[in-house]
Peer 1: 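Structure in structure tokens, see below.
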Amino acid sequence: MVVRCASSTRGTLLALGLLVVLGACARPAPDLPPDYASVNAPNQLEARDFSTADLAKSCTEIAAERAELEKLNRLAQAEIQGDRTQNQVAGYFAALFILPVVAVDTNEKQVALLDRNQVRIDNLRRLSHFKDCGSAGPSGAS
């Protein structure tokens with residue numbers, strides 16, 4: 001007696017394709033900056049941790065640069081979000097027909113911009129803390 005397997009090869013390939021597409025959407029988070037601001041911070045900020053140009057900035061200038069970088073981040077995130085639906089549709093078709101995913105926009109430039117901007121924003125937050133700017137940041141938090 002021959003028993004036919006209920007799961008088909010096509011279903012397995014579909015599931016595998018979907019996992020590959022979903023895995024391709026994920027990006028690793030950038031490394032966290034060192035802890036300088038917590039109550040028991042193991043590190044202390046020093047003037048040598050910043051460039052001469054950064055040290056010359058006022059609290060207002062620091063807050064303005066942070067606000068501009070955060071605005072650029074929101075625009076990049078909106079572009080990535082806008083491409084998400086197109087990428088999902090392309091992924092579904094690729095999984096259904098086992099085709100290469102050529103229609104997916106990975107937004108590499110926007111992701112790189114977000115990573116660079118976040119490093120700079122973190123540095124500006126440390127600078128704001130070092131200069132004791134209080135909550136002069138664009139979101140009201142230092």
Side-chain angles (χ1 to χ4, degrees), residues 3-142:
V3 177
R4 200 157 208 192
C5 182
S7 65
S8 68
T9 303
R10 182 181 167 117
T12 303
L13 289 175
L14 178 64
L16 181 61
L18 187 58
L19 286 174
V20 168
V21 169
L22 291 175
C25 293
R27 77 177 179 102
D31 292 335
L32 291 173
D35 177 13
Y36 293 102
S38 68
V39 175
N40 296 319
N43 306 302
Q44 296 298 316
L45 289 171
E46 299 177 13
R48 65 184 168 97
D49 294 327
F50 305 100
S51 69
T52 305
D54 280 350
L55 288 171
K57 291 181 186 255
S58 69
C59 291
T60 304
E61 291 169 325
I62 293 168
E65 185 177 347
R66 275 182 58 195
E68 181 62 26
L69 289 170
E70 289 174 355
K71 177 183 172 188
L72 291 173
N73 281 357
R74 285 190 300 276
L75 292 173
Q77 289 168 340
E79 185 172 337
I80 291 170
Q81 182 66 32
D83 290 337
R84 187 166 290 151
T85 300
Q86 173 189 339
N87 292 346
Q88 288 172 338
V89 170
Y92 295 146
F93 280 114
L96 285 173
F97 300 111
I98 315 302
L99 297 173
V101 183
V102 293
V104 174
D105 187 357
T106 58
N107 299 99
E108 291 176 21
K109 289 180 183 177
Q110 288 78 15
V111 170
L113 174 73
L114 287 171
D115 289 343
R116 275 193 316 275
N117 285 354
Q118 192 58 53
V119 168
R120 181 64 181 153
I121 288 169
D122 289 341
N123 191 48
L124 290 169
R125 284 184 176 138
R126 287 192 304 274
L127 180 61
S128 180
H129 178 73
F130 177 74
K131 293 185 132 220
D132 199 22
C133 293
S135 60
S139 61
S142 59

Peer 1: Do Asn73 and Ile121 have side chains that approach each other closer than 4.5 Å (heavy atoms only, starting at C-beta)?
Peer 2: yes
Peer 1: Distance from Glu61 atom CD to Asp54 atom CG, nearest 0.5 Å?
Peer 2: 10.5 Å
Peer 1: Is any side-chain heavy atom of Lys57 closer than 4.5 Å to a side-chain heavy atom of Glu65?
Peer 2: yes
Peer 1: Would you say the side-chain atoms of Asn117 and Arg120 include a donor-acceptor pair closer than 3.5 Å?
Peer 2: no
Peer 1: Going through the distances and angles, do Glu46 and Arg126 end up as a salt bridge (Lys or Arg N to Asp or Glu O under 4.0 Å)?
Peer 2: CA-CA 10 Å; Glu46 299 177 13; Arg126 287 192 304 274; over 6 Å; no
Peer 1: Rounded at 0.5 Å granularity, tell me how far CG in Asn123 sits from CZ in Phe130.
Peer 2: 11.5 Å
Peer 1: How long is the gap from CG on Leu69 to CZ on Arg66, to the nearest 0.5 Å?
Peer 2: 9.5 Å
Peer 1: Is there a side-chain contact between Leu127 and Leu55, using heavy atoms and a 4.5 Å cut-off?
Peer 2: yes
Peer 1: Return yes if a side-chain donor-acceptor contact under 3.5 Å exists between Asp122 and Gln118, otherwise no.
Peer 2: yes
Peer 1: Provide the closest heavy-atom pair for Asp49 versus Gln44 in the form atom of the first, atom of the second, distance.
Peer 2: OD2-O, 3.9 Å
Peer 1: Enter the distance from Leu75:CG to Glu70:CD here, rounded to the nearest 0.5 Å.
Peer 2: 12.5 Å
Peer 1: Can you name the closest pair of heavy atoms from Lys131 and Ala56 and give their distance?
Peer 2: NZ-C, 4.4 Å
